[in-house]
Every structure is written in C-alpha cells, then in structure tokens.
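Structure, as structure tokens:
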Number of protein chains: 2
Amino acid sequence: MEALFQHMERYIDLTAADKDVLSETLRLRIVKRKEHLLEEGRFCHSNYFICKGCCRLYYVNDKGVEQTVQFGIDNWWITDLVAYTSEKLSQFYLQATEAGALVVWDRRGEEKLFRRIPALERYFRLILLRAAAAEQQRSRYFSDLSGEERYHHFNRSFPEFVQRVPQYMLASYLGFTPEFLSKIRAGKT
Amino acid sequence: MEALFQHMERYIDLTAADKDVLSETLRLRIVKRKEHLLEEGRFCHSNYFICKGCCRLYYVNDKGVEQTVQFGIDNWWITDLVAYTSEKLSQFYLQATEAGALVVWDRRGEEKLFRRIPALERYFRLILLRAAAAEQQRSRYFSDLSGEERYHHFNRSFPEFVQRVPQYMLASYLGFTPEFLSKIRAGKT
DNA sequence: TTAAAAACTTAATCTATTTCAAGAAAGGAA
DNA sequence: TTCCTTTCTTGAAATAGATTAAGTTTTTAA
C-alpha cells in the first residue's frame, strides 16, 4: 500500500488523513503466478495498481490464441477499462504473469473516495494523460517499424522486461507470432 | 465556445462564473481546410477542442509518406500529447482536414485554470478515461482483424466519417496502403 | 527426481499486403 | 470553362510474416 502512496505523491499531496481513508477503503491482494484477476464474460468491478509483479490484459481469438493487448508492471494501473466504466461484461482476461501484490480499487465506492479526496481526480488525470501520450508514441512505432524492428526497439527500451515474460506473450503484444519471434532471435540474438 | 461548455456539462457542473473565466482564458480559432495547427520540430503549446470540423495527427516517415495516427472530429480534443506534456519538440503534424472551428487550450495558464475551476480536473480525467477505454478496444480490433476486415468494421461503425476524409488518410490510419484500400473497395463496393 | 506440461525452435509452404509504375478521375482555382 | 493538382485505380511482381507440423528444450509440480 505504501507503494501506491509514494506513486500518488509524485503527482499530488496526501495528508495523513487521506492515507487513512485510502487504507480503509482499498485492499491489498496477493496473487500467484498465472492467477486471473478477471475473466472474459465477467463484470469488472476493479482497477488494479501493481505494487510488485507483472500483469497482462489479453483476449482469446476465434482460433483459441491468446492475444496480449497490454502489460503492466510495478507502479502501473491495469484493468479492462471498457468493462470497468460501462458495467458491461468483460471481453478480456486479466492475469498475473508472475507472483505479486496489488492494490484493489473498487468501482463501487469510487465516487465517495473522489469526494473525500478531490486531489485524486488530478492524480488519475495525470496518469491517464501519461498513458495517452505513451499510446500516441506506440501508435507511431507500430505503424512505422516492421515486426523485427519493433522487437529490437522494444528490446532496447525494456531489456529487463523482455526477460520477465514468456516469448509468446511478448510476440502477440508486438503484433506477430511466436514462431516469427523465434526466427528474429535466431537471426541476431 | 458554447460547444465546449455543453461538452463539459456532460461531465461536470459549470457556474456562470466558471464559464466567464473559461471565455476569458481560452480563445477560438477558425481554420481553413488543410491548415496546420502544429508542425514537426515545433513546440506544442496547445490542446485543441474541435467545435466543428475534422483534424488529424500524422507524421511523415523516412519514405516521405504521411501516416495518420489519430483523427478528431466535433467534440474531441486533439494534440501531440508527448510534445504538449514534455515541452519537447513535436514529432507530429496536426492538421485540419476540413474548415472548422476550434477552442485553443494553452498549456501556459493551464494550472491557473485548474486552480480556479477544480472540476476541470474531473472533466479531463473522465474524457481521458473514455479515450483510454476506446484505445483498448482499438488495440483489440487492430490485432484481431485483417486489413480488409478492419476497413469494413470501421466503415460500418462510422459510415458518415469515411466520406469526410481522403482515402489515403484513412488507409494509413487503418494500417495499410491507399492502393490496398482501393482494391478492397473494388472487391465489394 | 522425475514425469508431465509449457515454452521454444526449425523448416517448408502459403498468403495478405506492399511496392512499383502508369494512367484515370475528380476537385479546386483562375 | 480549362488547367493543374490532388486523389484514386489497376495490375504485375515482390515480400514480410502466417501457418502447419514435428521435434526439442525448459519449467513446473508432485
């Protein structure tokens, strides 16, 4: 929980009272490797802050193949935002790819929190802004680079991360097949 | 400007005084077809609310081809978020694809506005949340559908919009070449 | 410590999409 | 209207990456 406070304090000021309110309202969840936080066809009541660990948002296509659309690591928020905001059934799975600890932010009770700690509006505005900026960049790399270039670029940008997840998850995130990633690696290392 | 107030009031309450402050701080800008609001290599001081019209964010790749990464129409905000938030030089062009009217939100003066009208934090949080949710959906369609399917899906979802922009802009936005789009169209309609 | 499951590799074949090149149509300005 | 620019079309040849299938290596759980 301390990890979340520190993250928030990068963007806003929190009083001791604010932290008490947050501690009382939010709860910690310990997850095992491969544990699901959300499955397709379920309602999504929570947004998750990753204190420690790695999660991925993925879906399963008609052929039964898992496609990862987003990764989250320490100090990121992750959830199925469509399901979370619209109260519709989720079209995604949310899974911990390694053991870790999360803070669970519940949609029910969210408004109360925003009313009690208005600075949270700002906090989420700012992290969503960062995410949107990152997404514009990613859009660009995605259309500008070939699959192979995309892999090398990602590898250079996040070398430690590439070690943390299975290749097949990374491949689908980067927009190609695991077999192709295997070839890229064979060609260069 | 009235268009912006109406949009804000979908998410937050605005007093008459709030509107006065906004009117005094923000300014309206009329744009012609093809007019640029931002060019590569420039600083980006503004975020734009499109009252009426259509804009696109694009870059020019090594081959000199324009790649559209985002469209905005009536009631959307658009800018180069990396350049806007980091105060670095822009890597994108922002262009009006048709004549229109925009509200210019200036970064300098932004903090003052947030302090005077704290509800704006919430407004931007909520629209960024929507954008992030839409982006997760888009990510999914992008990896799940073939180029041709993506075009048909987009065409079905936004039929009126497809008429509004040149095919080559749409093609790069959908992730393929104008020639290919031409062939898709020839094949069906 | 071992068996089973999960993850990765390799190679041959196949295909969606790109590239190139040239011409046709449409649109705007004069 | 006419010209000039922009946008769109068409077809042939090339290619990045997918698919399939089988085998190998690594990891996990018992």
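- Counting all heavy atoms, side chain and backbone alike, A/Y59 lies closest to A/Q91 at CB-O, 3.7 Å.
- To the nearest angstrom, P of D/dT9 lies 11 Å from CD1 of B/I184.
- Other residues, nucleotides and ligands contribute more than 12 heavy atoms inside 6.0 Å of the CZ atom of A/R164.
- On the nucleic acid side, DNA chain C contacts chain B at distances under 4.0 Å to non-hydrogen atoms, with the end points of that region at C/dT17 to C/dC20.
- Side chain of B/Q136 to main chain of A/L81: a donor-acceptor pair is present (N/O by atom type, distance under 3.5 Å, no hydrogens or angles).
- One interatomic measurement links the two molecules: CG of B/D144 to C1' of D/dA18, which rounds to 15 Å at whole-angstrom precision.
- D/dA16 atom P lies 13 Å from atom CZ of A/R150, rounded to whole Å.
- You'll find the side chain of B/H36 stays beyond 4.5 Å of the side chain of B/L94, heavy atoms only.
- Nucleotide D/dT10 holds its C1' atom 16 Å from the CZ atom of B/R185, rounded to whole Å.
- OP1 and OP2 of D/dC8 both lie 4.0 Å or more from every side-chain N or O belonging to B/S182.
- Classification of the A/H153-A/Y141 ring pair by plane angle, with boundaries at 30° and 60°, yields tilted.
- A salt bridge does not link A/E98 to A/K34: none of the charged nitrogens lies less than 4.0 Å from a carboxylate oxygen.
- For A/D106 (side chain) and A/G109 (main-chain N/O), no donor-acceptor pair under 3.5 Å exists by modelled atom type.
- A/S146 comes within 4.0 angstrom of sugar-phosphate atoms only, judged by non-hydrogen atoms across all strands, and of no base.
- Rounded to whole Å, the distance from CD on B/E179 to P on D/dA13 is 17 Å.
- Between A/F176 and B/Y168, the residue whose closest nucleotide on DNA chain D is further toward the 5' end is B/Y168.
- Rounded to an integer number of Å, the gap from A/R33 CZ to D/dT27 C1' is 8 Å.
- Atom OH of B/Y151 and atom P of D/dC8 are 11 Å apart (whole Å).
- Computed from coordinates, the A/K34 NZ to D/dA29 P distance equals 8 Å when rounded to whole Å.
- With DNA chain C read from its 5' end, the first of the two nearest nucleotides for B/G175 and A/P166 is the one closest to A/P166.
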